[in-house]
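Report on the following structure.
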Amino acid sequence: MPLRRHYDYVIGEPFNHVEFLPGMRVSVPFGRRKEQVGMALAVSDRTALRPGQLKSLGNVIDYEPLFSQRHFELLCWAADYYHYPVGEALFSALPALLRQGKGLSGQDGEALTASTESVIENRGFDLNPQQIQAIDAITANTDAHGAHLLQGVTGSGKTEVYIEVVRRVIAQDRQALILVPEIGLTTQFIDRLRQRLPVDIRVQHSALSETERLRNWLAAKNGTAPVIIGTRSAVWTPLKSPGIYVVDEEHDTSYKQDSGFRYSARDIAVVRGKFDSVPVVLGSATPSLETLKNVKTRKFSQQNLPARASGAASPEIRIINLRNETLSGAVSKTLLDEISATLDRNNQVLLFLNRRGYAPVILCHSCGWYAECSRCSAKMTFHKDKRCLMCHHCDSRRALPAECPDCNQDELIEVGHGTQRLDRTLAEHFPGANILRIDRDSTRRKGSMEKMIREITTGDADILIGTQMLAKGHHFPRLTLVGIIDADAGLLSTDFRASERMAQLIVQVSGRAGREDRPGAVYIQTHFPVHPLLQTLVTRGYAGFAGLLLSDRRNTHLPPYAYLALLGAEATSRETAEKFLREARAHLNDNNALNIFGPVAAPIEKRRGRYRSQLLIQSGNRNALRKVLAPWCRSLESMPGAKRTRWFLDIDPQDML
Ligand code: ADP
Ligand code: ZN
Ligand code: ZN
């Protein structure tokens, strides 16, 4: 139940002799329901209720706990840290079938055929000294917690390090849990692990059936699966004998859940490593500022893989000043010439534009009207292939009007460029080229992403146009030129994290260029060629850039040098949402350690027809913040305005839009 409390029940006949332990499921009468699945938290001989008020336990589902004691404690810790109802936190760690009350008898987690029989491939090369050093440091003491940042550009051999540390862990009969941002983008990674490790590797993800998910969950819990790979929610997978936690692309924003239980899987992995006294590896070419700060303060160790393992040179990065450049659509003459030269040499080009659709704005030339979503405070994107306007916040669609709804003139102009429009521009300039567009629209059908990746690696795709879907993970041997179509969005945004994200994307995308024997080049188009952040990124790389940004954050008291909590409220009117937040603010025990901002309208004020408002609470002291928030959060539940608003508390918020 979404309530920050627990409920007491009497253990009567016939359960008097059952030994109740935390983490066992029971069935209890609750409210009007006769049977509600619940979980035992503790056994006590006291209650605040009078005997007549107590109900009796209905049934026992599990006769032993679903979680080890440490795992149970971790879940309770997380519920406490994120101020989230403990019942919901515990149940979010269970596969759906167990949440519904299905019993464990007859389920064994076995029954995985083939795969483990496959031929194990050899590496075919020697690990380099940096890799060996990283592996030794990470596995120096597998019975103690240590968090290790493994920093290295794409292609520097991080995956080889993961494989080797996992091999050492499974040799000790222990298990490895590996988190990845998105399964669809990770197929090459998973294939490689399967080829190289002679064990039952389970991949846990949302496309599996509930039965398959339960089977993997049990194989992990019973210890029959030595390696589990999964996305964010897999961080809660129980392990019989944990040996190591690996978080690949640790900076990736998908590790933070952005609704309901708003945990960070990366942070939970680190805490879990502490509970279990085992090492944790965080890998990235572009570590988050949070992680870099932890390295600075020596909470984490850092292992560097400074060069590309295959010996390929790092790509050269150049800035194209867009001011006064001749543009074809969104592409400068300079970039067009480079594309042309690249295609002449029979190499591949990748153009990165993080905006799908044809044009982000449709505008009336005579009166200035523009198409806006009726449910969100957002402009609608024009999708030419479907001849419709689409809202990227709520997915609502409507037909492109034939004339302006305000002044009835028929000159509606397309403003700005999305991937579809970029595709059109390039098709005009390079009619003979095979252009492949990879974004959420073009990969909607199941399996289409894999098919396109295959076409890029082995087939004859010449120009790839992609959003961030194409930024990470893949290895494209013929790719030598990367063009960043628009770096300005990241420099102009009001979100303080936008520049960090932009730099991470630029570096990730750049990592696609020149991975084998053909040298690569990266061109960045911008209207702000001398912007200090962009300049630092180009001349001093991500490390220099991150250093500059870290000192900015320190000076402005922003994370990771301050801790944030965001209380968000959504309601059918602006006033209702703000009123609740004002009430909440008045209840907050303001003891000088906190800075409170708001209530203010969220940057995207309306979404799906609801007005959104927020209160931001900042503190230099994480524990002080936690102490104030816990009782406050409970008091919010009973405030009069709470029933008319949807509210949530986001600890360490990432997305503040
Ligand atoms: P990352 O995970 O950092 O992107 P990978 O581990 O995938 O890097 O390595 C990139 C490429 O270099 C792969 O093809 C891999 O087989 C190869 N490689 C890794 N380590 C070495 C090494 N020590 N010597 C030669 N090639 C290597
Ligand atoms: Zn008009
Ligand atoms: Zn909308």
Side-chain angles (χ1 to χ4, degrees), residues 121-135 149-166 178 180-181 185-186 188-193 195-196 246-250 281-287 303-312 314 362-381 388-398 401-413 457 471-477 507-508 510-517 604-612:
E121 284 176 16
N122 278 327
R123 196 191 299 124
F125 51 79
D126 292 330
L127 294 168
N128 62 41
Q130 289 87 3
Q131 286 170 317
I132 292 170
Q133 191 194 321
I135 294 161
L149 165 62
L150 180 63
Q151 181 169 8
V153 296
T154 353
S156 61
K158 294 188 294 299
T159 308
E160 287 302 325
V161 172
Y162 302 153
I163 291 174
E164 204 44 49
V165 295
V166 169
I178 304 174
V180 295
L185 304 180
T186 323
Q188 288 176 336
F189 176 83
I190 294 168
D191 288 349
R192 215 159 120 204
L193 257 64
Q195 282 157 8
R196 300 278 303 284
V246 176
V247 184
D248 190 29
E249 310 284 5
E250 66 85 31
V281 183
L282 308 178
S284 177
T286 53
Q303 304 301 325
N304 279 320
L305 302 180
R308 290 187 173 188
S310 58
S314 284
I362 289 286
L363 190 77
C364 169
H365 190 50
S366 53
C367 80
W369 169 89
Y370 55 81
E372 205 176 15
C373 177
S374 56
R375 305 166 69 210
C376 308
S377 36
K379 299 184 182 67
M380 292 191 96
T381 301
C388 76
L389 296 170
M390 208 185 283
C391 172
H392 287 181
H393 295 285
C394 70
D395 275 334
S396 68
R397 293 171 187 210
R398 68 178 122 108
E403 55 184 36
C404 171
D406 275 5
C407 74
N408 301 107
Q409 298 293 314
D410 63 1
E411 201 176 341
L412 295 178
I413 47 183
T457 354
K472 40 198 156 185
H474 307 290
H475 177 61
F476 304 140
V507 175
Q508 299 280 335
S510 305
R512 309 289 118 231
R515 299 199 59 183
E516 284 187 357
D517 50 344
I604 299 167
E605 192 188 2
K606 208 170 92 185
R607 210 180 249 184
R608 297 178 189 274
R610 301 180 73 89
Y611 287 86
R612 309 159 70 239

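One-based numbering, in listed order, for ligands and for the atoms of each. Please read all numbers here as calculations on a predicted model, not as lab measurements.
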Test item: side-chain donor near acceptor, Glu411 and Ser366, under 3.5 Å: no

Electrostatic pair Arg196:Glu164 at N-O distance under 4.0 angstrom: no

For atom 7 (O) of ligand 1, the option (of Glu160, Glu249, Lys158, Arg192) bearing the nearest heavy atom: Arg192

Proximity to ligand 1 by part of Leu127, non-hydrogen separation under 4.0 Å: backbone

Check: Cys407 and Trp369 side chains under 4.5 Å, non-hydrogen atoms: no

Trace of the side-chain contact (heavy atoms from CB on, under 4.5 Å) decision for Gln131 with Leu305: CA-CA 7 Å; Gln131 286 170 317; Leu305 302 180; 3.9 Å; yes

side-chain hydrogen bond (donor to acceptor under 3.5 Å, both in side chains) involving Arg608 - partner list, sequence neighbours excluded: none

Arg607 (side chain) donor-acceptor with Cys394 (main chain) under 3.5 angstrom: no

Sequence-distant partners of His393, ring-ring contact (aromatic ring centres under 6.0 Å, His included), two or more places apart: none

Residue and atom, protein N/O/S, under 2.8 Å of the Zn ion (ligand 2): Cys364 SG, Cys367 SG, Cys404 SG, Cys407 SG

Where ligand 1 meets Val153 - atom numbers and elements under 4.0 angstrom, heavy-atom basis: 3 (O)

Side chain proximity check, Cys404 to Cys367, heavy atoms < 4.5 angstrom: yes

Proximity flag Gly155 to ligand 1, non-hydrogen atoms under 4.0 Å: yes

Exam field: side chain Ser396 to backbone Cys391, donor-acceptor pair closer than 3.5 Å: no

Atom indices of ligand 1, in the order listed, that fall short of 4.0 Å to a heavy atom of Gln131: 19 (C), 20 (N), 22 (C), 23 (N)

N or O contact, Gly157 vs ligand 1, cut-off under 3.5 Å: yes

Chi angles and distances behind the side-chain contact (heavy atoms from CB on, under 4.5 Å) call for Ile178, Tyr162: CA-CA 9 Å; Ile178 304 174; Tyr162 302 153; 5.6 Å; no

Residue part near ligand 1, for Val161, under 4.0 Å between non-hydrogen atoms: neither

Within 6.0 Å of NZ in Lys606, more than 12 heavy atoms from elsewhere: yes

Any donor-acceptor N/O pair, Asn128 side chain to Gln130 backbone, under 3.5 Å: yes

Sphere of radius 2.8 Å around the Zn ion (ligand 3) - protein N, O or S atoms inside: Cys373 SG, Cys376 SG, Cys391 SG, Cys394 SG

Numbered atoms of ligand 1 (with element) below 4.0 Å of Asp126, judged on heavy atoms: 22 (C), 23 (N), 24 (N)

For ligand 1, the portion of Leu305 having any non-hydrogen atom under 4.0 Å away: neither

Part of Arg123 with heavy atoms under 4.0 Å of ligand 1, whether side chain, backbone, both or neither: neither

Short side-chain to backbone donor-acceptor contact, Lys158 and Leu150, under 3.5 Å: no

Min heavy-atom dist Asp248 to ligand 1 below 4.0 Å: no

Minimum side-chain heavy-atom gap Pro401-Leu412 below 4.5 Å: yes

Glu605 CD: over 12 foreign heavy atoms closer than 6.0 Å: yes

